[in-house]
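What follows is a single structure, written as structure tokens, with notes after it.
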2 protein chains.
Amino acid sequence: MSFELDAYDRKILALLQENSRLGFSEIGRRIHLTSPAVAERVRRLEEAGVIEGFGARLNLRALGYTFEAFINITVESHDALDAWAASHHEVLALHATTGSHCALLHIAVRAPEHLQELIKSLGKIGKTTTSIVLSSQCGGRARLPADQLPKMPG
Amino acid sequence: MSFELDAYDRKILALLQENSRLGFSEIGRRIHLTSPAVAERVRRLEEAGVIEGFGARLNLRALGYTFEAFINITVESHDALDAWAASHHEVLALHATTGSHCALLHIAVRAPEHLQELIKSLGKIGKTTTSIVLSSQCGGRARLPADQLPKMPG
DNA sequence: TCTGAAATATCTCCACC
DNA sequence: GGTGGAGATATTTCAGA
């Protein structure tokens with residue numbers, strides 16, 4: 001993954017991070033490049049793995065999820081936890097971590113009873129400690145502005 | 001935020017979550033709808049706040065960030081923490097939480113020394129406990145598949 | 001690697017249902 | 001809310017530098 005980003009690449013990444021539906025022509029217009037040049041750069045950034053994909057940021061509440069929680073869990077078997085996470089659509093992310101617990105689960109739930117159910121289910125796999133999210137910043141939004149990106153990654 | 005999603009909406013959300021650069025025609029082709037119909041639905045979903053935006057999923061390593069960490073912090077003033085988060089591009093997310101600490105910071109760093117520097121800086125604001133992320137699943141990727149979305153959110 | 005031009009495909013209105 | 005068509009834009013490909 002050694003890929004040297006130049007100023008055009010960083011600008012393109014910043015624009016796509018903010019709005020990935022921008023057309024190549026529009027991007028080109030903003031950074032003073034023609035659309036084939038932008039298209040080729042985006043293709044290379046994807047190929048190099050710098051861009052992993054393009055997604056929509058969805059509002060969890062609009063999807064029926066009322067709040068989020070972080071569950072710290074200590075397990076014997078990570079496989080059992082992986083399987084649990086894969087089979088529960090409430091899981092936003094699962095991180096294996098260092099520290100007093102060995103994994104951190106980020107989940108979205110519909111109601112307190114729903115959270116209770118998940119905690120109870122997880123209880124069969126390991127020992128949990130749960131924190132409810134009161135408010136968030138940068139949740140899935142644009143981050144790491146291109147202006148501040150290192151010139152030589154790695 | 002009361003918006004009733006029908007089967008078309010859910011399919012559109014699933015497709016855009018997976019690849020937000022799909023054209024309206026292409027989406028229409030896959031769900032058997034014409035492009036103006038898809039465009040209109042996407043416009044309404046954005047207007048209703050169900051879709052908050054479209055972004056690129058970038059590889060943190062390619063951007064020069066070697067690993068991630070979660071920092072639990074207990075602070076007197078949330079304002080000071082908010083300001084700290086806003087001024088540090090390493091911050092992926094900041095969550096105010098319940099539990100033994102009052103906030104959880106998700107950050108990306110270039111090297112252990114870099115992390116140490118951030119922890120030291122945070123030490124002036126509150127008391128921290130840090131966990132390093134060893135591996136992640138679903139980090140920023142597609143989630144909440146449309147097939148499993150509730151028919152009536154809320 | 002970029003540009004410019006040509007062919008193809010897409011988006012955006014609009015009238016109609 | 002959806003369709004279908006027309007005009008304006010966009011994407012893609014390629015020759016040339």
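Lettering follows sequence order; numbering is per chain, from 1. All values below were derived from every heavy atom in this structure, side-chain atoms included, with hydrogens, water molecules and symmetry-related copies excluded.
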Say whether B/Tyr65 and B/His89, considering side chains only, have a donor N or O and an acceptor N or O under 3.5 Å apart.
-> yes
With distance as the sole criterion, is a donor-acceptor pair present between the side chains of B/His114 and B/Glu90 under 3.5 Å?
-> yes
Calculate the interatomic distance between B/Phe24 atom CZ and D/dG4 atom P; express it in whole Å.
-> 19 Å
Is the closest basic N to carboxylate O distance between B/Lys120 and B/Glu117 below 4.0 Å?
-> no
Looking at DNA chain D, which of residues 32-42 of chain A put a heavy atom within less than 4.0 Å of it?
-> A/Ser35, A/Pro36
Measure from CZ on A/Arg43 to P on D/dC14 and round the result to the nearest Å.
-> 13 Å
5' precedence on DNA chain D between A/Gly23 and B/Tyr8 (nearest-nucleotide basis) = B/Tyr8
Any link between B/Phe24 and B/Leu13 through a network of hydrophobic side chains (Ile, Leu, Val, Met, Phe, Trp, Tyr) touching at under 4.5 Å?
-> yes
In whole angstroms, the gap separating C1' of C/dT1 from CD1 of A/Ile12 amounts to 12 Å
Using whole Å, report how far CD of A/Glu26 lies from C1' of D/dA8.
-> 15 Å
Between atom CD1 in A/Ile27 and atom P in D/dA10, what is the gap in whole Å?
-> 12 Å
Only pairs under 3.5 Å count here: list side-chain donor-acceptor contacts from residues 124-131 of chain A, not counting sequence neighbours, and write none if there are none.
residue: A/Thr129; atom: OG1; partner: A/His101; partner atom: NE2; Å: 3.1
residue: A/Ser131; atom: OG; partner: B/Thr98; partner atom: O; Å: 3.2

May I ask you to decide if the ring planes of A/Phe70 and A/His106 are parallel, tilted or perpendicular, using 30° and 60° as cut-offs?
-> parallel
Using a heavy-atom cut-off of under 4.0 Å over every strand shown, decide if B/Ser25 touches base, sugar-phosphate, or nothing.
-> sugar-phosphate
Under 4.0 angstrom, heavy atoms only, what part of the nucleic acid is A/Arg29 near: base, sugar-phosphate, or nothing?
-> sugar-phosphate
